[in-house]
Amino acid sequence: MTTWAERLRSTFPGRVRTGPEVAAAPAWDLYAHPREVPAAILSARDVADVRAAVRFAGEHDIALSIRGGGHSGAGFAAVADGLMLDLSGLREVHVDPQRRIAWADPGATWGDYDAATQRHGLASTGGIVSSTGVAGLTLGGGVGALRGLHGLAVDNLRGADVVLADGTVTRADADHEPELYWALRGGGGNFGVAVRLEFALHPVSGVTTGLLVWPLDRAQRVAAAFRARADELPDDTVADLVFKRDDGGEPVIVVIPRAVGGAAEVPLIDDLRRVATPVADTVAPRSYTESQRFLDEGARWRQRVYWNTTTLRHLDEEVVGVLADHARSAPSAASAINVEHYHGAISRADPASTAVGFRHARYNVFVEAKWDDPAADAENRAWSRELVAALEPHSAGGAYVNYLPRDADQARIRSAYGARNHDRLRAVKAAYDPANLLRGNQNIQPADHIGR
C-alpha cells in the first residue's frame, strides 16, 4: 500500500525526506526534542509549494508543523509522525530605504534581516540571537532590544501574505482582512502560514551593550540599584537581569543593558558599576548587528531545553530571593533565569491593538532550563515548573506565548492572552482554520471546536 509520505515524495521529487533521511537531515531545530520526529520533511522552494503542502496535509488529515528560519524552544518545528513544512530555504529580505519598509521571507532569521536593513542604517524590533526566525518570533509578539523605542515586533508588522488552511493566499493588514491581521500579531501560527512579512523600519546605528557580572551574593544590592532607575529609564535604554552560573560553575547575577544610539554615558550602567564592582564588564559601544548577535554562543544547537515563563508585578527582595535560590539549585549549570524589564513603547501601546497579553507587566521572567543528558529531562523540567509556581503570587497575569512550554494546556494559553483576547482569537480561528489543521503550536482552538 502506498503511504501518504510516498505520495508526497512523488508529488515533490527531490524535495521530500522520509524514513532514515529524516534522522540524517541537517539539524532542523535549534533544540533537541527527540520524541517529536516527523514522518516526512518537505523543503519548500516557493509559495506554490507551501500552498500545495497545506492542501495535501488537509486532504489527508496529516498533522502539519512549520519549520521557519530559526529555533523553537517548545519544539513546534516538528510533530511526531507528521509532515514538517521546512521554509528555511526561503530567506530573502528586501528593503525600501526611502519608504523605510522591509519584506522578509518566512525562512529568514534576524541575522539575515539585520544584515539587510543595517546596510541602510535601519532596523525593526527583533530577536537578540541571530539564529532566531523572523516569522516565528514576530507572530508570537517579538520582544527585542528596541522594545522601549519601537515596541514589539508585532507593533512594527505592517502586513503579511498568508497561505490559509484551504491553500488560498490572502493579504492581511489594516485595510485587508483586519481581524486576521490583528490575530497574526501575537496569535502565533494558528491562522495560516505567513509567507511574506512587511515591517516598518527605523533609523538605528550603534548600541552600548555587554555583560555586567557579579557574584550571586550581590543580587539584592544589584537588583535594588536597578529598581531605583527602572521607572525613569528613557525609551532608548532597556535592560535584562540574568540569574545563572558562570563558565566556572559559580552562581552569578548578570545585567545586560542596551542603550540604543551608542551613548558614551548611561546612568543605569554608571549606577550599577558604583553599587558593586563587577567581576566582569564587557559593556561597550557596538554596531547594531554586533549587539544583536553577541549572545549567539549561548544558543547552542541540539541542546535539550524546557522554556517556561511568568510575568511579574514587581522585583522586590522576596522575588529576587526566589530567583537567586533557584539559580543556585538548578540541576544544570547551563540553565538561566532571565528577567526582562518592560517600559516605553511596549507598554504605551493600546492593549487592544494586538493579540499579545503581557504589555501591562513591569517584568517578565523567561526560564531557560538547558541540559544535555536525556536522563536528566524530568529534574530539569520540574525545576522550571517549580520556579514558575514559586513566582505565581507575584504574577501580573498574562504571558508571552513564545516562552510557554510545549505542554502548556488550554487553560494556560487562555490565561496568557487574557479571556477577551482569547475569545476573539478563537472566533478568528473558526473563520480561517475551522478544522484546526494548524495545531502544531500554542494552539488556539476554533470557537465551538471539539479538541482533536
Salt bridge Arg171-Asp173, side-chain N to carboxylate O under 4.0 Å: yes
Partners meeting side chain to side chain contact (heavy atoms under 4.5 Å, CB included) with Asp350 (sequence neighbours left out): Ala352, Ser353
Salt bridge flag under 4.0 Å for residues Glu21 and Arg17: no
Listing, residues 157-165 side-chain donor-acceptor contacts under 3.5 Å, not counting sequence neighbours, or none:
residue	atom	partner	partner atom	Å
Arg158	NE	Glu198	OE2	2.6
Arg158	NH2	Glu198	OE2	3.3

Lys/Arg N to Asp/Glu carboxylate O, Arg15 vs Asp86, below 4.0 Å: no
With sequence neighbours excluded, residues passing salt bridge (charged side-chain N to carboxylate O under 4.0 Å, His left out) with Glu386: none
Selection residues 125-164 - residue pairs positive for ring pair (Phe, Tyr, Trp, His ring centres under 6.0 Å), sequence neighbours left out: His150-His202
Pairing residues for Thr289 by the side chain to side chain contact (heavy atoms under 4.5 Å, CB included) criterion, not counting sequence neighbours: Asp114, Gln118, Ser287, Arg293
cation_pi(Arg185, Tyr181) dist<6.0 Å, angle<=45: yes
Pairs meeting criterion salt bridge (Lys or Arg N to Asp or Glu O under 4.0 Å) with involvement of residues 140-149, two or more places apart: Arg147-Asp240
Salt bridge (Lys or Arg N to Asp or Glu O under 4.0 Å) pairs, two or more places apart, involving residues 325-335: Asp325-Arg328
Side chain to side chain contact (heavy atoms under 4.5 Å, CB included) involving Asp112 - partner list, sequence neighbours excluded: Arg91, Val93, Ala108, Thr109
Ring pair (Phe, Tyr, Trp, His ring centres under 6.0 Å): pairs with one or both residues in residues 88-109, sequence neighbours excluded: none
Under the salt bridge (charged side-chain N to carboxylate O under 4.0 Å, His left out) test, residues paired with Glu92 that sit two or more places apart: none
Test item: Ile337 and Phe366 side chains (from C-beta on) under 4.5 Å apart, heavy atoms: no
Inter- and intrachain pairs under ring pair (Phe, Tyr, Trp, His ring centres under 6.0 Å), touching residues 332-353, at least two apart: Phe226-His341, His341-His343, His341-Tyr363, Tyr342-Phe358
Pairing residues for Asp372 by the salt bridge (charged side-chain N to carboxylate O under 4.0 Å, His left out) criterion, not counting sequence neighbours: Arg300
